[in-house]
Amino acid sequence: MKADRKTDRVNDFALKIGTVNGTGSASANGLIMQSIFRMGVPVSGKNVFPSNIQGLPTWYEIRVNRSGHVARTPDFDLIVAMNPETYAQDIEELVPGGWLLYDSSWPMADTLRRDEVTFLGVPLAEMCVKSFDGGRTRILMKNIAYTGALAALLDIDMDVIRGLLEETFGERKRHLLDANFKAIRLGYDYAAENFECPLPIRLEGMDATRESILIDGNTAAALGCVYAGATVAAWYPITPSTSLVDAFTAYCRRLRVEEETGRSKAAILQAEDELAAAGIAIGAGWAGARAFTATSGAGISLMTEFIGLAYYAEVPCVFFDVERVGPSTGMPTRTQQGDILLCAYASHGDTKHLCLYPKDPAECFEFSVQAFDLAERFQTPVFVLSDLDIGMNDWVVPRFRWDDGYSPDRGKVLDAEALAEVETFYRYLDVDGDGIPYRTIPGEDPKGAYFTRGSGHTKYGKYTEDPDEYQEVIDRIAEKIDRAAEAVPPPEIRSRPDARYGLITLGACDGAVREAIERMEAEDGLRLDYMRIRGFPFAAEVGRFIEAHDLNIVIEQNRDAQLKSLLTLETPASKERLTSVLRYGGLPLSARHVIAGVKDRLGVAAETAEGVGA
């Protein structure tokens, strides 16, 4: 039975593709995503994949939205069901009136069918068996064939698809180009001949992506490291951060090479474990290089001993934490914001660290550069907290802009000429009264030599166990970190006249929260202010925003309300002004969940505060 969906929705729908991990569907899904982008239509993709190499279910979610909303939606209009193991789940997730595209080479059980869903059967496997040789080739081409069927159903421009294939394969791999386009044509022709095409949900060319690029956060961060002047990367493989160093390696092979000799000007080392990777990055930072390591929460946990050394010995280095679901191994291929407190206070003893929270790949690029500048200016570790959703998924973001006049902020570094004018150099002495001492590069001049102390030391760099001498140094470091509040990226604040409530979030939650605010203002008349935290320590305006509202709803992706806890600890604001909306199951946040949570919190506020309304 066909569902009744007569109203056209152009450039405003969501589809989901369910396949088996390891069958080559990533190429097909990427082709669909890129084709929509090349048509000038805003699009976002979310890869929901298992942590094994092959055999378990995997999904790819694509949202098309002419207004540019990028947050995940749990409402799917069309699902491509290529994995019989997940047929029941896939069919259940379709909205009433939706469509299910499946491989009809084998019959589908009547018990799975829903009256309010239109089932579109395409004999993909059967067609590919007849048209291609070899078992592996047939499996791969079956996925490419469903791309063709979708092209007909959604009105994807076939010229765009052909152009992308030509870019991928070129004349050298003409046989692969022809084979892929043949499979696409099989799916397209079958759908066009057997179904009413296009569907009421369909694409129409726009011009909304002309000044945009399609990129993932890990690649963007790696490019930022190159532009920042990083020359050393140390790492131990861990999902979802591995591709960051992979991308950095690829960029360095092109951009970090001596023209005359062909020798590499970068050192990229895979260490034996996370602790060693941190030690290499810190050692390189001590030696004067711009160095970083990339990991996830489990890796940060293992690195904390060396992080404490870098904090106390005041060594610049950058840590990229691409967050995933914890604790322990957790769910390595799902997203979360569970490392907020871990990174803010990493290591034993009294420590506090600079943290940057990008919302998308564009800010991954921008904040990568800022992280190195901040690390050297304040002589301390700096953390860039991305997550799996940002790091591994493709996002449509504005083209990166770069100032060719950029000069790295190396901070207070004394060269041989400057040392000649100093009577005696003391590494941990605050000469200027700003909490930041001067440093030297090892080997620059004998006069700049000093002991790098991870043990108790005085401001003159000598070993001590004297309480006053110890406290003098540790308090000066705390003052230095507190001063960084005005140097990290400031919060992004949007205010409305007479708004009594504020929403607060960070990172990848931004898209869902912004969409939720737009919908609640339009549909419910709610007036809401918004603040996105971009850096820690918090600038003064963070506390002022909280105090300016009767209630602030902190929206984050972890169980324990870590951002709310940090706001309570690190601002003078009353904790009674803070409440939470939490979503931490491992999938990217959606506007629907934000709306439900905010309305619930505001309902509680209305009941407990006399005279407080919507």
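Nothing here was measured: the structure is a model prediction, and the numbers come from that model. FYI, side chains are in, hydrogens and waters are out, and symmetry mates aren't considered; it's all heavy atoms of this structure.
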Considering only NZ, NE, NH1 and NH2 on the basic side and carboxylate oxygens on the acidic side, decide whether [X] and [Y] come within less than 4.0 Å.
{"X": "Arg532", "Y": "Glu492", "value": "yes"}
{"X": "Arg377", "Y": "Asp434", "value": "no"}
{"X": "Glu444", "Y": "Arg439", "value": "no"}
{"X": "Glu259", "Y": "Arg254", "value": "no"}
{"X": "Lys564", "Y": "Glu556", "value": "no"}
{"X": "Glu366", "Y": "Arg401", "value": "no"}
{"X": "Asp432", "Y": "Lys412", "value": "yes"}

Are the side chains of [X] and [Y] in touch, meaning some heavy atoms are under 4.5 Å apart?
{"X": "Pro489", "Y": "Gln370", "value": "yes"}
{"X": "Pro50", "Y": "Thr58", "value": "yes"}
{"X": "Thr505", "Y": "Val554", "value": "no"}

Checklist entry - Can you list every pair that meets salt bridge (Lys or Arg N to Asp or Glu O under 4.0 Å) and has a residue in residues 480-491, with sequence neighbours left out? => result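 Applying salt bridge (Lys or Arg N to Asp or Glu O under 4.0 Å) to every pair that reaches into residues 480-491, excluding sequence neighbours, yields Glu314-Lys480, Lys352-Asp482, Glu479-Arg483.
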Item to check | Pair listing, salt bridge (Lys or Arg N to Asp or Glu O under 4.0 Å) test, anchored in residues 232-253, at least two apart | outcome: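 Output for this query is empty, none listed.
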Next on the checklist: Taking the ring centre of each residue, are Tyr463 and His457 less than 6.0 Å apart?
Outcome noted: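 No, too far apart.
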Checklist entry - Centroid-to-centroid, Phe292 to Phe320, below 6.0 Å? => result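 Close enough - the centres of the two rings lie under 6.0 Å apart.
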Answer with yes or no whether the side chains of [Y] and [X] bring together a donor and an acceptor at under 3.5 Å.
{"X": "Gln379", "Y": "Arg427", "answer": "yes"}
{"X": "Tyr345", "Y": "Asp350", "answer": "no"}
{"X": "Trp235", "Y": "Thr295", "answer": "no"}

With no hydrogens and no angle check, is any side-chain donor or acceptor of [X] less than 3.5 Å from a backbone partner on [Y]?
{"X": "Asn558", "Y": "Gln562", "result": "yes"}
{"X": "Thr261", "Y": "Arg263", "result": "yes"}
{"X": "Thr351", "Y": "Ala346", "result": "yes"}
{"X": "Arg534", "Y": "Leu356", "result": "no"}
{"X": "Glu274", "Y": "Leu302", "result": "no"}
{"X": "Thr333", "Y": "Phe49", "result": "yes"}

Item to check | Thr568: side-chain hydrogen bond (donor to acceptor under 3.5 Å, both in side chains) partners, not counting sequence neighbours | outcome: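 Testing Thr568 for side-chain hydrogen bond (donor to acceptor under 3.5 Å, both in side chains), a comparison that skips the adjacent residues, returns none.
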Checklist entry - Does Thr464 have any side-chain hydrogen bond (donor to acceptor under 3.5 Å, both in side chains) partners at least two apart in sequence or in another chain, and if so, which? => result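 Per chain and number, Thr464 pairs via side-chain hydrogen bond (donor to acceptor under 3.5 Å, both in side chains) with Glu469.
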Checklist entry - Between Asp216, Ile390, Asn218, which is the residue that forms a side-chain contact (heavy atoms from CB on, under 4.5 Å) with Pro361? => result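 Option passing the side-chain contact (heavy atoms from CB on, under 4.5 Å) with Pro361: Ile390.
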Next on the checklist: Once ring-ring contact (aromatic ring centres under 6.0 Å, His included) is applied, do any residues pair with Phe536, and if so which ones, sequence neighbours excluded?
Outcome noted: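 Only Phe538 meet the ring-ring contact (aromatic ring centres under 6.0 Å, His included) criterion with Phe536.
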Checklist entry - Mind checking what makes ring-ring contact (aromatic ring centres under 6.0 Å, His included) contact with Phe400, not counting sequence neighbours? => result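 Per chain and number, Phe400 pairs via ring-ring contact (aromatic ring centres under 6.0 Å, His included) with Phe365.
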